[in-house]
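Down below is the structure, laid out as structure tokens.
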There are 2 protein chains.
Amino acid sequence: MNEAPRVSEAEWEVMKVVWASAPLAASDIILKLTKTFSWSPKTIRTLISRLIQKGVLGYSEKGKYYEYFPIVDEEECMKQERQNFLKRIYGGALKPMLVQFLQDDNLTSSDIEDLRRLLEQKEKNKGTEET
Amino acid sequence: MNEAPRVSEAEWEVMKVVWASAPLAASDIILKLTKTFSWSPKTIRTLISRLIQKGVLGYSEKGKYYEYFPIVDEEECMKQERQNFLKRIYGGALKPMLVQFLQDDNLTSSDIEDLRRLLEQKEKNKGTEET
DNA sequence: ATTCATTGATTACATTTGTAGTCAATTATA
DNA sequence: TATAATTGACTACAAATGTAATCAATGAAT
């Protein structure tokens, strides 16, 4: 029921903008992206077209111009990307991956505390889980 | 000093095999990969060639055939992939990413405990860090 | 009203990637 | 040894991707 439309790296940047502030006119998308990337407006329009073809971006004629909005859910897509990454690089082994990310050492003390609390919570839930 | 050779997904699978058991003859690489993927031996040889062109795979004439070995370090490459992923999907924000991975709920109780211990350790180190 | 700029559709083109096939030399085998 | 299979170099080709340009229609600005 749910095809997996491959969103390329450049296309992903467009989706991020749209997810963040949809609905948006093409010109708005272009404005935001040209601040971060050296992309021609033409290029960005191409990316938009492709996202529409792929069925992940939608549009409606609002007023004189199109207004674009996401068709697919950001959380869902991110989850998919997480799973792809995990599978591709770690063969799906979550813990080793987490350990390495933790060892990359980019966490503040308060991040660490938050994560510990989250894990504590998880552990408790495990305890009360149904078999 | 260190160009970033883009290793594609299929190529990455070849590297994984080589990292795991180098040095290997092409036929060995092919044997291992055809067990997991429906790739023609020709395809795998193409991937090997491209990896050599990209400078991430090396070979030496051992006996009658080539023996292949990795030029780049697996840990380094994985770190690079982690960073790419983190940047691309989370704009570089490590904690949110970790939280989501944790919430995907694929950890056993003992995984969770290990991670907690690791975080505890990290927190201690933070305490004794030089400014 | 005329001209310029913008929008969206369509087309372009090089590079990368997936997925092989060809071919000459070499090796293994009948 | 004659023949078949394998190896490695080179070639092939379509789809995806990055990166635009062209073109017709529409809207904006003088």
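Letters go in sequence order (proteins before strands), and every chain restarts at 1.
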State, to 0.1 Å, how close [X] and [Y] come at their nearest heavy-atom pair, and which atoms those are.
X	Y	value
A/Ile89	B/Met78	O-CE, 3.6 Å
A/Gly58	A/Ile71	N-CG1, 3.4 Å
B/Thr34	B/Leu31	OG1-O, 3.1 Å

Donor-acceptor pair, side chain of A/Asn125 and main chain of A/Lys122, under 3.5 angstrom
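A pair under 3.5 Å: no.
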Closer than 3.5 angstrom, by distance alone: can the side chain of A/Ser49 be matched with the main-chain N or O of A/Arg45 as a donor-acceptor pair?
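Between the backbone of A/Arg45 and the side chain of A/Ser49 there is a qualifying donor-acceptor contact (under 3.5 Å).
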Could you tell me which residues satisfy side-chain contact (heavy atoms from CB on, under 4.5 Å) with B/Asp104, sequence neighbours excluded, listed by chain and number?
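With neighbours one apart ignored, the set is A/Lys79, A/Arg82, B/Phe101, B/Asn106.
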How many whole angstroms separate atom [atom1] of [X] from atom [atom2] of [N]?
X	N	atom1	atom2	value
B/Gln53	D/dA9	CD	P	11 Å
B/Glu67	D/dT7	CD	C1'	15 Å
B/Lys62	D/dT7	NZ	C1'	19 Å
B/Glu61	D/dT7	CD	C1'	11 Å
B/Ile48	D/dG8	CD1	C1'	10 Å

Rounded to the nearest 0.5 Å, how far apart are CG of B/Leu118 and CG of A/Leu115?
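Spacing of CG (B/Leu118) from CG (A/Leu115) equals 10.5 Å.
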Roughly how far apart are B/Tyr68 OH and B/Met15 CE, rounded to 0.5 Å?
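Here the interatomic distance stands at 13.0 Å.
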Report for the helix from C/dA1-D/dT30 to C/dA30-D/dT1: angle between first-end and last-end helix axes, five pairs each, rounded to 10 degrees.
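Between the first-five-pair axis and the last-five-pair axis there is 0°.
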Restricting to pairs with a member in residues 7-39 of chain B, which pass ring pair (Phe, Tyr, Trp, His ring centres under 6.0 Å), not counting sequence neighbours?
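For residues 7-39 of chain B, and leaving out neighbouring residues, the ring pair (Phe, Tyr, Trp, His ring centres under 6.0 Å) pairs sorted by first residue read B/Trp12-B/Trp19, B/Phe37-B/Trp39.
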Less than 4.0 Å between a side-chain N and a carboxylate O, is that true for [Y] and [X]?
X	Y	answer
A/Glu113	A/Arg117	yes
A/Lys16	A/Glu74	no
A/Glu81	B/Arg88	yes
A/Glu11	A/Lys54	yes

Quick check on D/dT7: is either OP1 or OP2 less than 4.0 Å from any side-chain nitrogen or oxygen of B/Tyr59?
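False: B/Tyr59 side-chain N/O out of range (4.0 Å or more) of D/dT7 OP1/OP2.
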Bounds of contact between DNA chain C and chain A, in 5' to 3' order, using a heavy-atom cut-off under 4.0 Å:
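Boundary nucleotides touching chain A, in 5' to 3' order, are C/dT7 to C/dA12.
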Under 4.0 Å protein heavy-atom contact, by nucleotide of nucleotides 20-30 of chain D - B base, S sugar-phosphate only:
BBBB---SS--
Among residues 8-28 of chain B, which residues get a heavy atom nearer than 4.0 Å to DNA chain D?
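B/Ala26, B/Ser27, in order of number.
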